[in-house]
Amino acid sequence: MNHRFATIAIPLAVDGAFHYGIPQDLSEKIQVGMRAVVSFGAKRFYTGIVTGISQDCPTSIKDIKEVLLLPDERPIVSLSDIAFWNWLATYYMCTLGEVLRAALPAALLPESRTEVIYNEEFVEEIALNDLELQIISILTSEKKASLSLDAIQKKLNRPAISAFTHLISYGAIKLKEDISSRIKKLPKERVVRIAAPFNESDSSLNSLLNDLKRAPRQVELIEKIMEHIFLKELDLNSYLSVDLICNQNTSLRGAMNALLKKGVLEDLYRTPQPEIEKTHIYQPLQPYTDNKDIAPITGLCSVLYKQNIEEKEEIIIDLIHRELSCGKQVLCITPEANRPYSDNDLIGKLKQKFHSYLRVYNSRLSEGKKLSLWQELIQTEAPLILVGARSSLFLPLNNPGLIIVDQDQDYGMKQQDPAPRYHTRDAAICLAQIKGAHALIASETPSAETLYNLNTDKWKSIVPYIPERVEMPPIEVIDLDKLYRQKRLQSDNLVSPQLEQDIKDALDRHERILLIQNRRGYSPYIKCKSCNTRISCPHCSVSLTYHKGTNLMMCHYCGYTMSVPKICPQCHNPEHTLTPFDFGSERVEEEISQLFPKAKVVRIDADILQSKKKMEDIMFQIDMGEVDILVGTQIIAGMPIWDNISLIGVMRLDNILAFPDFRAHERAYQLLYQLALRTHRQAKTGGVKAKIVLQTKDPQHPFIDELKSGDYNEFIMGQLEERNLCEFPPFTRMTIIIIKCKDKMITHRTAGLMTNMLRSYMPQVTIDMRIPSIERVELMYIREIVVRRKANQYSEERTAFGRVIQEIKLRYPDSKRCRIYFDVDPL
DNA sequence: AGCACGCCGACT
DNA sequence: GTCGGCGTGCTC
């Protein structure tokens, strides 16, 4: 008997590979890269990926289970994808299963919750046992016709996985799951059409367009609809998919809502019509003429460092054009893909130039949309341009020529919480190597790491590399401490008289104002005036932020909320002694609204971004020119809000600079510098000239002069010098070991012991234990061990980590209560 | 991750 | 006496 075995990666944080027998009837079909459904543990099954097939049993374990099902006809990932996953798991020290979870859309990995159905064509050849018959009768009597294993087990009140898997192998029941059936379950799509009487003739439409002259967005939308109708040779009154027309362009969605209200458009929901949705009408590419100024990309990784955003985007578009005309696919990862964008942004421009070749991928896409994109990509080597958030790194590209990482200094480039904690820039370079493509890092403010590699010639610049210096807009510094001391500003207020005057002037000139306050909520803490206690989170060692909008106290670390107490819980002073202290974006919004009651003030922060609807409304208002003052946290910086802004106010610069992190200054510089670049661009194209006002309690900070000079390069060189002296990256490589446990003592002792053991194994390496500034989150105490080593001490470090993890459990059994994980190259 | 098993304290 | 909390170990 020719029995073979498959190695299956299971999407769980479990170490090691799992092996399953391959039943005879699947032996012909099975291939590496296919999905496989297997039973795992006593009562669950998972969908995993076949990562290997072997003749001999690769393990000594006796009772090997068999693969239950191969849901696909072909592999859904390639060998190179699996190689990439393995690299990520090894380098970032997590399990392959965790990488799998991050890599595949959830809809491709159904588990015990997945529904099963009775197979009507089933002929009973082998007598079924009682339990098996019970399952069949539950399934056939059920009105819903389909049930999950979990639901069946609940009904039977006992585990039933073995009977269940037998029934699957007999063919009596089928998993209600494969790519196509999932797509059929797609929610209905929303479609719109031009309503009567406007859809009757070209002339009725033209008079409509004439009436809409004052609403350029709405005209644009109608023109977009007409373009589709023309391309597909449809009737004037045909319905078109809303997603197809406006995709994520929020201002168009706003315009659409306006037209719906007026009755110019009408909408309905219907089942997606694949022939329109799926067939992409490929327009021939314009022939590519080589741009002599851009060197051909040669090495593995190159850099595009341009402070003129327009020029940077033009070069990116040119490079993409070059790849497409060579028949290659391009992946472009940019933080823009996660935010609303406009036609002036990179994505908007790509859409105009390559629209039939462009696919946008981000986490906000519905599962059905993600699946159809996977399906398309698996089957094709045709030229395509994929723009996405960091997760698009995992898309199954068959023929990539170029992988672009835009804005590599962005904080979101590194995945933080669930593992794999990978850096998109570094992972993209590895992916390019594995897939035989080139990597390109593009930014107007590249990270210090990237500039370091450029200066040491490790990476090459594709344009002549001349450090630029941008003429900064006028920067005014306001000393808040002095104002508070002189009582020219009340402690309850944050808007200085100077800033107030500037805002007033800008409003008089009908120009827009942007105010940055780096914390969301109303005030970061509420304090009792009589006993001085702050109200803090019961689960974390932070104070609760007061949110006035919801009238709740909220923990920004664990999400805990409580209503605002009337009386101090500590001293029970009957007077209302609890007072909000310090400022968040909500409070700035309130103060501004009170100072300028006639102005339209809008706030954008993570709380607002949560609601897609609110965000769309706001972007629409901004687009229509209705907003006078924008108040936001730093997420506002990358959004398409740049029209007519003439004043940028930073409410508390010292707060941004005081962040306890060796990259804090760099981040602040990048933020403010990018703001300046954007106003610069606007002034060049005939718009208003802008001014920056920095409010701070520390006006002497050297950062301010460095910013005024506008020399990003020199600033980063200074930062690098400091990092060199302090032995920080990129001069060392950093890994943080995070130790968490409910018991404070155990956490602390485990971390201390591990630090000592690591030091004895790696005497040449700098190892420090530290108590994080927030030492307790979600009831878990945290300690961190910071390891800084030389680049060539990689394997030494990994061996030491392995030994310490093993040994600590032996020598100090309490440490088994700790959760230990790693953050490699932390941000 | 999720689940079972086993150990201890709080109750009808 | 048993119920159920959590700590520990296993999953091919």
Side-chain angles (χ1 to χ4, degrees), chain A residues 3-23 26 30 32 34-70 89 93-104 106 108-114 148-154 156-162 164-166 168-169 417-421 539 738-747 749-750 778-781 805-806 808-822:
Chain A
H3 205 96
R4 296 191 300 158
F5 299 89
T7 308
I8 315 272
I10 288 164
L12 285 180
V14 195
D15 253 327
F18 294 87
H19 310 280
Y20 288 84
I22 302 171
L26 296 180
I30 195 163
V32 171
M34 275 183 170
R35 293 188 297 159
V37 178
V38 294
S39 133
F40 189 75
K43 44 169 17 180
R44 353 195 69 240
F45 68 82
Y46 286 95
T47 308
I49 296 283
V50 181
T51 60
I53 295 168
S54 57
Q55 296 299 322
D56 311 308
C57 184
T59 167
S60 52
I61 293 164
K62 270 175 276 162
D63 292 322
I64 284 202
K65 292 180 179 173
E66 292 205 322
V67 172
L68 292 180
L69 194 72
L70 299 172
M93 311 239 280
C94 65
T95 69
L96 193 56
E98 286 170 313
V99 179
L100 202 61
R101 263 258 187 273
L104 296 184
L108 279 171
L109 297 173
E111 32 186 278
S112 310
R113 276 166 269 152
T114 308
S148 67
L149 170 61
D150 286 349
I152 291 171
Q153 285 178 150
K154 218 173 212 167
L156 289 168
N157 205 15
R158 55 177 287 197
I161 181 101
S162 65
F164 189 80
T165 57
H166 282 144
I168 293 176
S169 64
D417 216 3
R421 295 173 186 80
H539 305 145
I738 298 149
I739 297 129
K740 281 189 184 182
C741 175
K742 278 188 185 154
D743 187 300
K744 190 174 178 177
M745 269 303 295
I746 291 176
T747 321
R749 279 194 58 192
T750 307
E778 282 182 276
L779 299 172
M780 304 284 260
Y781 285 90
I805 296 263
Q806 269 196 351
I808 188 84
K809 286 179 189 159
L810 285 174
R811 288 204 356 217
Y812 181 50
D814 269 357
S815 73
K816 278 185 279 192
R817 290 176 54 190
C818 294
R819 197 168 268 275
I820 299 170
Y821 54 89
F822 300 87

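- Counting heavy atoms from C-beta on, the side chains of A:Lys65 and A:Val38 never come closer than 4.5 Å.
- Note: NE2 (A:His19) to C1' (C:dC10) measures 15 Å, nearest angstrom.
- In this structure, the side chains of A:Lys740 and A:Tyr821 come closer than 4.5 Å at one or more pairs of heavy atoms.
- Note on A:Leu12: a base of the nucleic acid sits closer than 4.0 angstrom, heavy atoms only.
- One can place NZ of A:Lys740 at 16 Å from P of C:dG7, the figure rounded to the nearest angstrom.
- Listed pair A:Arg819 / C:dT8 fails the phosphate criterion, with no side-chain N or O lying under 4.0 Å from OP1 or OP2.
- Straight-line distance from the OH atom of A:Tyr20 to the P atom of C:dT11: 11 Å, rounded to whole Å.
- The interatomic distance linking A:Asp15 (CG) with C:dC10 (P) rounds to 14 Å, in whole Å.
- One finds a side-chain N or O of A:Lys816 lying less than 4.0 angstrom from the OP1 or OP2 phosphate oxygen of C:dG9.
- In this entry the distance linking CG of A:Leu96 with P of C:dC12 reads 17 Å, nearest Å.
- Rounded to whole Å, atom P of B:dA1 lies 15 Å from atom CD1 of A:Ile10.
- Rounded to whole angstrom, the span from the CZ atom of A:Phe45 across to the P atom of B:dG2 amounts to 14 Å.
- Here A:Ser39 lies in heavy-atom contact (under 4.0 Å) with sugar-phosphate atoms only.
- The shortest side-chain heavy-atom distance between A:Phe822 and A:Ile805 falls under the 4.5 Å cut-off.
- Two residues are said to be in side-chain contact when any heavy atoms from C-beta on lie closer than 4.5 Å; A:Val67 and A:Val37 fail this criterion.
- Note on A:Lys65: a side-chain N or O is less than 4.0 Å away from OP1 or OP2 of C:dC12.
- Atom NZ in A:Lys809 sits roughly 12 Å away from atom P in C:dC10 (whole-Å rounding).
- Note on A:Phe40: a base of the nucleic acid sits closer than 4.0 angstrom, heavy atoms only.
- Looking at the side chain of A:Arg817, the nearest of the listed nucleotides C:dT8, C:dC12, B:dA1 is C:dT8.
- For the pair A:Leu104 and A:Ile49, the minimum side-chain heavy-atom distance is below 4.5 Å.
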